[in-house]
Every structure is written in structure tokens, then in C-alpha cells.
Amino acid sequence: MILSLISTLLPGMSIFMAIVVQETAIPFASWGILRPDLVIICLFYWRMYRPDLCGPILAFGTGLLLDTLSTTPMGLNALSKIILVLLTGRYGKIFRALDFVLLIPVIGIFVIIDEAIQWVWIVMTSGFTFRWEVLVGRPLATILIMPLMVRLLIFLHRSWLEAR
Amino acid sequence: MDYFLVLIKEYRHPIVAAATLIVSLLLLLAVRPGNRGPGWIEDAALNAVGSIQRIIQSPIDNVQEFSTRITQWHMLDEENRKFKQELKLLRPLGTRVVELEMENHRLRQLLEMPLEPGLRSLAARVVGDTSTAFANALLLDTGRYHGARINATVLVPEGVVGRVVQTGTHTSLVLTLLDLNSRVPSFVQRTRAKGIIAGSNGQNLSLEYISKDADIRVGDQVLTSGIAGSFPKGLPIGLVKDVKAGDTGLFQRILVQPAVDFDRVEEVRLLIPGKQVSHSPPTKLPDVTRPP
């Protein structure tokens, strides 16, 4: 019973761990620019392979937690993550049919979309700001870490969700 | 009624999606930066993430310590011989060391004096950098339990880092000067011209509302002015890096290089209103020529 409950909470728990690692365990200078977006990888993976366990509500909660931990306006990460989850759901069939190598640039594009949504809002409310090194660094780092992260998620998926 | 229930059931996915999107937009429009909604939710989130972070960090720290010890064991014999030789040479200096230690103690007491009466300091360690492309924030391992308060000034020896915007039981979130939402009343030390230091999410700060006729030069020191009470007066912020008058507008465009290297901040000091716990502010300077 408890194990079954944990299994259904697995996407949420893995996203929470990704937030902790991304926001606190990969800290400081060198990672400031090349910091991978582990949360988007998790959301993308679970929405694609277990859409029943990863919907807009989970994306909303994830975004709010990210907004709380950073100083971005409340609701901004929530908005961008919901849009990404809806996009993944909309094109999920196509993505699932693609080879893994082709999904790597897709993740890069998703990170860019996430940053673009946030950038547009920030420019509208707080004036023009642009840090190209962060805007480029994050998609690049996400693409580089993606194979390892997806391998871990596949392991969790197979050992906890499919085994039960 | 049944018709509506069937309709809702059939279209529940689009309805949930639309509802979450609308709530996000409402939050964006309703919650102003600096007034971030119910505090207990943010406290709970900070505490949860802080706890997990400590669990993750402790084995990493242990492994690092273990590997350092193994490396040290290799060099132990050689170091032992070297230290014995050095000890023979250094023994006569023992008396001098005791003298210096006493002087160090006195100077340390001076250093611990509060910057202003009514402020006490609190040491904290930076345990996370929660910055994104559009926000600059640091996570500290000190929270309400240790005495941290919202709006406490965060300092390093070089100057101001920012202020605490959120406190959990064991963690605090610091809005750094670089953040787009950061505004600090300040003045130029040489000319006393007052302005506002604003973050731009870049590596530099901008000194705003300085009139065109004010004499500002590259290299001028910028300090906190103490106006509005959130930051004590006279704390270093940075040096003027570039000044542009422009043809239009009332104010100069002034770029300030922060005194603090935000990428290398590890330990910080929080200035909190209240009496110092370790010692009361001295009414006169102590006699540094006599041992304590």
C-alpha cells in the first residue's frame, strides 16, 4: 500500500530532489553559468512517459517552489513550467517516436523556451536585462547532463513504477 | 447539473490546464516583489529544501574529508621530520608568539564592535546559490532559530552583499545587490551626492537618480546612506566604474563595480537590530596597549 503510494509520488519526488540538487547542491561560481536545468529534464521525461502522474498541477507546484527558492516573481516559473508540460503533452507522441539523440536538442529548445517566457515577463515588468552567458550556458549544461539524468530516471521508472 | 458534470469530466484536462495557467498569471499580477504572499508556505519550502540539502551535503563533506586525510597520510613522515627541524628554529620565537596572540585577541575584540549602536551581528555560511538568469539570491544556513531576521543586512569584509528577504527555521534567503529587485539608498563618499543603487542582474550595479550637475568621477567610493533604515549608513557598496551624462534626461547614467565578488561569497555576517549578545557596545575605545 505504502510502496504503491510512493510509486505514484515518484515523479513528484524525483522533481523535488532535482530542485534540491539544482538549487542548493550545485552551488556557487562556476555553476552559476553552466548550471543544468534538471527540473525541466524531469518534467519532460515524466510528462512524456507517465502523463497520468505528471500534469499541469505538478508543474504548477514545481514552478511555485522554484519561485519561492529564487527571487523570481511569484508565479513566473509556475507559468513557464505549465506551458512546457502542455507542450510536451501536445507533442508527446512525436517525441516518443524519436530517437533519444534527437530528444537532446528538443530539451535544449525547451530550456530556451522556459528562459524566453521568463525573460519576456521580466523585460515587461522590470526593464531590459540580458545576460547571454547565462541564457546560453543553461541550455548547454542541460543538454550535456541530459543522458545521465535520463538514465537515472529510466532506472527509477523501471525499478519502481513498472516493477509494481 | 448532470450535463455540467459530464462536461467537466469530459474536458477536465483542458480545464485543469487553463485553471493552473490562470492562477499563475494571477499570482504574477497580484504578488509584488518583496511582498511574496503567505510566509508560512515559503518557510515550509525553505525548511524542506534546506533539510534535504544538508542530508545530501553531509556524505559529500565526509568523502571530501576522508580523501583529504588519505592524501595527508602519504606526506606524514616527511612532514614530521620537517616540522621537528622547524620547531628547533622556532622555539625562541615562542615568547614573541604569546605577545602577538594577546595583541591579536585585543584587535579581534575591536573588530567585533558593532558598526552602529543597536545592531548585533550573526555569522552564517552560504549553502546554496539559488540564482537564475533573472534573479540573484543566496541561501544561508542560518534561520530564525539562530536569530536571523527579514531585512537583516548581509555583509562580507569587502562590503554589502544584500539583505535577507525570507527566513526559515534554519535557513534564510538573501536578495543580493545584483538582483533586479534590489534597491539600496546610497551616496558617493567624495561629493556626498545621494542616489539609489539598483541591481541589473549583470555583474555591475547602477547608481540612479544622480543629477547631471553632480560631480561624479570614475573610482569614487559608493556607500550606503542609511536612508529608509534598511541598511546602516557607511557600508561599502562599490566603486564608480563608468559615468555617462547623455544629451537628454535629468540624471547621469552611472555604473558601479560592486566591492563584493558575489561568485566567491562563502561566509557572511548578518547585521540585525538588537543588542550584541557577546559584549555590550563599549562607551570608549579599550586600551589596546594592555593585555586583557
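Computed from a predicted model, the values in this text were never measured in an experiment. Order of the sequence lines sets the chain letters (A, B, ...), proteins ahead of strands, with each chain counted from 1. Note that these values count all heavy atoms, side chains included, but never hydrogens, waters or copies made by symmetry.
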- prompt: Can you check whether B/Val16 reaches A/Phe60 side chain to side chain, under 4.5 Å on heavy atoms?
  reply: no
field: A/Phe155 atom CZ, neighbour heavy-atom count above 12 within 6.0 Å
entry: no
message: Can you tell me if A/Leu152 has over 12 outside heavy atoms packed within less than 6.0 Å of its CG?
response: yes
- prompt: Using non-hydrogen atoms only, which part of B/Asp179 is less than 4.5 Å away from chain A: side chain, backbone, both, or neither?
  reply: side chain
- request: With a 4.5 angstrom heavy-atom cut-off, could you sort out which part of B/Leu180 is near chain A: side chain, backbone, both or neither?
  value: side chain
field: Engaged part of B/Ser200 at the chain A interface, taking heavy atoms whose separation is under 4.5 Å
entry: backbone
- prompt: Mind checking whether A/Leu86 and B/Leu21 have side chains closer than 4.5 Å, heavy atoms only?
  reply: yes
- request: Please flag which part of A/Trp119 lies under 4.5 Å from any non-hydrogen atom of chain B: side chain, backbone, both or neither.
  value: both
message: Counting neighbours of CZ on A/Arg96 that are heavy atoms of other residues, nucleotides or ligands and sit closer than 6.0 Å, is the number greater than 12?
response: yes
query: Taking B/Leu28 as the fixed residue, which of A/Leu79, A/Thr72, A/Asp67 is the one that meets the side chain to side chain contact (heavy atoms under 4.5 Å, CB included) rule?
result: A/Leu79
task: Tell me the residues of residues 142-153 of chain B whose non-hydrogen atoms fall below 4.5 Å from those of chain A, in number order.
output: none
message: With rounding to the nearest 0.5 angstrom, report the OG to CG distance, B/Ser24 to A/Leu64.
response: 6.5 Å
Sub-4.5 Å side-chain heavy-atom contact between A/Thr68 and B/Leu173: no
